[in-house]
Number of protein chains: 2
Amino acid sequence: MLNVAPPSGMRDFLPGELSHRKYLENVIRKIFEIHGFVSIETPAIENLSTLLGKYGVEGDQLIYRILHRREKLSRALGSGSPSETDLAELGLRYDLTVPLARFMANNRDLPRFFRRYQLQPVWRADRPGKGRFREFTQCDVDITGTKSLLAEAEVCGAVSSVLLELGFFDFTIQINHRELLKCLIAAAGLEPSFEEPSLVAIDKLDKIGKEGVWKELLERGITASQAEKLLSFFQSELNCKLPENETSKSPQKEAGEFCELSRLENLLDNSPAAQASKKPLSQLKDLLSIASAGPAKGRLRFDASLARGLSYYTGPIFEIRSPKCKGSLGGGGRYDGLIGMFSGFEIPAVGFSIGFERLAMVMDELNLFPNLPQNPEVLICCFPEISPSEVVRIATILRSENIRVEIFPETPKIGKQIGYAESVGAKATVILGTEEIIHNRLTAKFLSSGEQITLPTPEAIIKIKSWFSKAKPTAV
Amino acid sequence: MLNVAPPSGMRDFLPGELSHRKYLENVIRKIFEIHGFVSIETPAIENLSTLLGKYGVEGDQLIYRILHRREKLSRALGSGSPSETDLAELGLRYDLTVPLARFMANNRDLPRFFRRYQLQPVWRADRPGKGRFREFTQCDVDITGTKSLLAEAEVCGAVSSVLLELGFFDFTIQINHRELLKCLIAAAGLEPSFEEPSLVAIDKLDKIGKEGVWKELLERGITASQAEKLLSFFQSELNCKLPENETSKSPQKEAGEFCELSRLENLLDNSPAAQASKKPLSQLKDLLSIASAGPAKGRLRFDASLARGLSYYTGPIFEIRSPKCKGSLGGGGRYDGLIGMFSGFEIPAVGFSIGFERLAMVMDELNLFPNLPQNPEVLICCFPEISPSEVVRIATILRSENIRVEIFPETPKIGKQIGYAESVGAKATVILGTEEIIHNRLTAKFLSSGEQITLPTPEAIIKIKSWFSKAKPTAV
């Protein structure tokens with residue numbers, strides 16, 4: 001017997017779950033389009049030269065590579081001892097940001113300020129776990145072509161709108177700045193070569209705590225006093241709680257944000273990094289006030305310890321937190337250097353990625369999905385003496401009225417057919433016998449109430465529709 | 001400099017083309033759901049054991065294989081001379097039918113008559129060409145669990161509805177029956193072992209003509225008289241023209257279909273295959289009359305030479321033809337054996353696959369796509385003295401009115417900003433200056449007429465909306 005489960009970390013989506021995912025997708029598309037973003041798609045398969053070296057050493061190892069075929073494969077295998085590099089030159093999309101960068105370089109006629117969103121699956125050969133899959137949907141929104149902080153505010157606003165529309169009211173967006181982190185690292189007396197390992201360690205602060213990070217810093221060759229100094233810059237508790245009146249702007253809270261920024265400013269004041277920290281600190285203050293004029297109002301929280309794993313960020317960075325969910329619901333930041341690696345000249349950019357899979361999971365747990373249409377509304381049942389042509393004719397009439405109709409394709413006893421209608425969640429049955437055909441009438445039964453009618457076809461259709469309108473599911 | 005084009009046979013989709021594809025997708029989803037089908041998705045990556053041996057030898061060679069990683073790769077490479085089989089156990093989805101069969105076996109609680117549609121990309125390492133890509137979208141609709149011809153009629157009806165809704169009025173669905181083809185092959189005096197090569201050759205009749213097929217049959221070891229006999233069963237011209245009044249039922253035409261079936265019946269009458277041909281001939285007649293009671297009315301054409309390439313078909317087979325398009329716009333058929341290969345017991349099934357890529361291409365050529373929204377409706381321009389917070393505040397107000405708003409993120413001269421609005425296809429600009437902010441007014445310009453207004457914000461919004469309602473694009 002064949003193994004019929006999907007490969008490890010991959011999923012089959014049944015109609016119920018898929019209708020939830022399509023709802024989520026449609027809300028995201030609608031909101032992003034209102035925010036002036038347009039959609040693009042890129043191929044699942046990219047050249048490995050596009051993908052490698054963008055995600056760090058660990059990322060590179062998680063890229064799925066496509067085995068050479070025919071002559072290329074024979075040549076590689078014939079060479080004696082082929083290496084991984086000899087066997088593949090194509091790989092599967094690992095995220096949506098690197099493909100965007102390549103896309104920008106490949107399509108030179110795009111608007112100068114290109115505002116794109118993209119919602120497609122990506123593949124990572126990661127260890128599968130709860131909520132972690134090897135094929136998963138990403139959803140990114142980016143603005144390219146400007147260094148203006150309006151771009152940061154716009155992506156934070158668009159993402160906040162999506163979360164609010166979906167029914168999340170208690171999220172925050174933690175913000176920080178890569179340049180500020182570099183200043184903190186310098187202020188702790190560390191050489192620039194320690195920047196990347198320090199960022200990787202700081203990124204784990206909320207997972208392994210100060211002690212864990214301290215240990216990791218030491219393992220990476222940082223002295224105890226440097227590690228202590230570095231950690232002293234971070235608050236002891238992450239500041240991601242919401243003000244009490246969660247939907248209104250909270251001036252106290254925002255004043256608090258500025259205090260926290262000032263605290264750091266003071267700490268850095270006498271360090272050699274004081275000068276360099278002025279720009280990121282002032283950008284963060286500006287971003288806090290610009291974004292608070294839009295849907296991200298009251299959501300932004302400065303968090304000096306937010307680091308983000310990816311190496312391409314160059315400016316402000318973001319991460320969505322919610323008490324409803326361990327880990328983040330999304331994240332992003334400014335990456336002014338990445339597109340230039342493909343286009344040959346710098347194109348600044350900022351982006352935000354929504355954690356589609358995590359959102360879907362949390363919404364399921366919290367019952368945030370509306371009641372969505374997915375089953376047929378009417379199942380047509382019929383007696384054996386009715387010709388299949390008549391059944392198709394009646395189905396066609398009902399469908400032309402926008403009723404979702406399924407035909408029971410065989411003719412066991414009517415009770416069995418009605419039982420099937422109930423088992424698949426149909427709302428009503430239409431039962432065809434000789435009388436109905438001769439007199440051009442329909443017999444229909446509303447399954448939830450048991451009400452049964454026999455009426456001329458047009459009146460019957462009106463009645464059937466009135467049954468459904470009682471509990472019409474929400475559409476996007 | 002990096003190569004920034006997508007890999008050979010792969011595509012980037014820009015916003016304009018993608019909005020067409022999304023429109024096409026939405027029409028298909030809407031119509032299939034009205035016809036009582038529900039949507040599923042399967043992973044892009046399947047076990048090679050699932051994929052191999054289902055598509056014929058040529059198909060197997062076109063499957064993209066995923067290179068082993070880490071230990072598995074080291075082990076394979078360390079073994080000395082690894083083969084293709086040692087280097088991969090996963091592959092990319094090649095079609096949607098085999099994944100459905102695996103899905104059915106993996107999800108045992110599905111309704112007995114499972115009516116699913118699926119719209120996802122597939123990957124084939126085929127030679128790329130005009131309209132032929134290595135990543136392309138397929139769109140399948142299938143009914144499992146019954147041998148009733150109602151299922152054939154239902155998938156033909158659903159597909160016809162889609163084509164009619166999209167604006168195709170001159171397509172036909174060619175039909176034939178695999179069992180009938182086998183009878184013809186037997187009646188020509190060929191052993192069953194010649195069935196598969198004969199089908200492959202007959203499948204090319206419309207491409208290479210009778211002479212070409214005759215040659216190919218001889219190359220495969222069939223005698224000249226057998227080949228001649230076999231070819232004598234097929235009409236000299238493919239009968240895919242529509243009756244003159246193409247949208248109405250044409251009784252003459254359908255009588256013609258039955259004549260053609262009777263012609264074959266007579267030809268087979270004295271052959272040893274006469275008895276075996278009774279069932280497929282009567283099924284085809286029944287299908288013609290059942291389907292003609294629904295949206296496929298007047299579309300079905302019997303074509304004895306229709307063979308279909310795939311080996312898993314067991315009953316009626318279909319193919320959509322249109323004078324608008326060389327080749328087919330889709331095809332399908334009954335495959336009663338495939339699901340059983342995965343589930344261990346027979347589950348009959350019939351399916352129809354719409355040629356999504358070809359439809360999109362032909363619709364583009366024929367201008368069948370409606371005018372779809374994709375650009376921002378309003379671009380907000382502003383003078384340098386306006387704070388970015390004010391811009392975000394105004395954008396938020398407009399967006400809350402469901403207007404698609406983009407913000408110009410920098411502050412060059414206003415004329416330059418308006419020029420940008422025109423270049424990206426915005427319908428109107430909102431221009432923010434100190435006066436507007438102080439007096440809570442909006443200045444807006446309708447770009448196509450040049451009309452400019454300055455009004456209190458609520459009245460301005462009403463005016464802006466009235467501009468857009470003049471030429472509201474069609475939504476699905």
Side-chain angles (χ1 to χ4, degrees), chain A residues 1-7 10-15 18 33-34 36 38-45 47 49 64-67 69 84 87-88 90 102-103 105-106 111 113 125 135 146 148 150-151 153 289-290 293-294 342 344 374 376 388-389 392-393 396 399 404-407 409-410 424, chain B residues 1-7 10-15 18 33-34 36 38-45 47 49 64-67 69 73 87-88 90 102-103 105-106 111 113 125 135 146 148 150-151 153 289-290 293-294 342 344 374 376 388-389 392-393 396 399 404-407 409-410 424:
Chain A
M1 182 66 74
L2 273 169
N3 173 16
V4 295
M10 315 281 172
R11 290 166 290 173
D12 283 338
F13 291 111
L14 284 112
L18 191 57
E33 286 172 16
I34 286 292
V38 293
S39 178
I40 68 159
E41 285 185 4
T42 59
I45 300 176
N47 290 311
S49 58
Y64 281 105
R65 295 165 190 233
I66 308 252
L67 182 61
R69 298 169 48 259
E84 194 175 27
L87 291 167
L90 300 172
R102 183 200 51 71
F103 178 98
N106 188 43
F113 306 111
E135 174 179 54
T146 184
S148 164
L150 258 169
S289 63
I290 302 173
F342 293 91
Q374 47 165 300
S389 302
V392 168
R393 189 178 65 80
T396 305
R399 286 168 181 157
R404 298 195 307 278
V405 176
E406 175 172 344
I407 295 174
E410 300 174 357
V424 298
Chain B
M1 181 67 74
L2 273 170
N3 173 16
V4 296
M10 315 281 170
R11 290 166 291 173
D12 284 337
F13 291 110
L14 283 114
L18 191 57
E33 286 172 15
I34 285 293
V38 293
S39 178
I40 67 159
E41 284 185 6
T42 59
I45 301 176
N47 289 311
S49 58
Y64 281 106
R65 295 166 190 231
I66 309 257
L67 182 61
R69 298 170 49 259
L73 181 62
L87 291 166
L90 299 172
R102 183 200 51 72
F103 178 97
N106 188 42
F113 307 111
E135 174 180 54
T146 183
S148 164
L150 258 170
S289 63
I290 301 172
F342 293 90
Q374 46 165 303
S389 302
V392 168
R393 189 178 64 80
T396 305
R399 286 169 181 157
R404 296 195 308 278
V405 175
E406 176 172 344
I407 296 175
E410 300 174 358
V424 299

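Residue numbers begin at 1 in each chain, while the letters A, B, ... track the order of the sequences.
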>> Run B:Tyr64 and A:Ile45 through side chain to side chain contact (heavy atoms under 4.5 Å, CB included) and show every step you take.
In response: CA-CA 10 Å; B:Tyr64 281 106; A:Ile45 300 176; 4.2 Å; yes
For [X], which atoms come within 4.5 Å of any heavy atom of chain A: side chain, backbone, both, or neither?
X: B:Ile40; answer: both
X: B:Thr396; answer: side chain
X: B:Leu14; answer: both
X: B:Glu33; answer: both

> Under the ring pair (Phe, Tyr, Trp, His ring centres under 6.0 Å) test, which residues partner A:Phe13, sequence neighbours left out?
Replying inline: none
Heavy-atom pairs under 4.5 Å with chain B - which of [options] has more of them than the others?
options: A:Ala151, A:Ser289, A:Pro388, A:Ala153; value: A:Pro388
options: A:Glu84, A:Glu135, A:Arg393; value: A:Glu135
options: A:Ala293, A:Pro111, A:Pro376, A:Ser49; value: A:Ala293

So which residue, [options], ends up with the most heavy-atom pairs under 4.5 Å with chain A?
options: B:Val424, B:Leu90, B:Leu87; value: B:Leu87
options: B:Ser148, B:Ala5, B:Ser389, B:Pro409; value: B:Pro409
options: B:Ala125, B:Gly294, B:Pro15, B:Ala88; value: B:Pro15
options: B:Arg69, B:Glu406, B:Arg65, B:Glu41; value: B:Glu41

> So, does A:Arg404 use its side chain to make a donor-acceptor pair with the main chain of B:Gly36 at under 3.5 Å?
Replying inline: no
> If you measure from CD1 on B:Ile407 to OG1 on A:Thr146, what distance do you get to the nearest 0.5 Å?
Replying inline: 11.5 Å
> Within a strict 4.5 Å, meaning less than it, do heavy atoms of the A:Val405 and B:Ile34 side chains meet?
Replying inline: no
>> Less than 4.5 Å apart, side chain to side chain, heavy atoms only: is that true for B:Pro6 and A:Thr42?
In response: no
> Can you list the residues that meet the salt bridge (Lys or Arg N to Asp or Glu O under 4.0 Å) rule with B:Glu410, with sequence neighbours excluded?
Replying inline: A:Arg112
> Which atom pair, heavy atoms only, marks the closest approach of A:Val392 to B:Leu150?
Replying inline: CG2-CD2, 3.6 Å
>> Ignoring hydrogens, what is the shortest heavy-atom contact between B:Arg102 and A:Asp12? Give both atom names and the distance.
In response: NH2-OD1, 2.7 Å
[X] portion near chain B, given a 4.5 angstrom heavy-atom threshold:
X: A:Arg11; value: backbone
X: A:Ala44; value: both
X: A:Ile290; value: both

>> Using the rule given for side chain to side chain contact (heavy atoms under 4.5 Å, CB included), can you reason through A:Ile66 versus B:Leu67, listing the C-alpha separation, both sets of side-chain angles and the distance that settles it, and then say yes or no?
In response: CA-CA 6 Å; A:Ile66 308 252; B:Leu67 182 61; over 6 Å; no
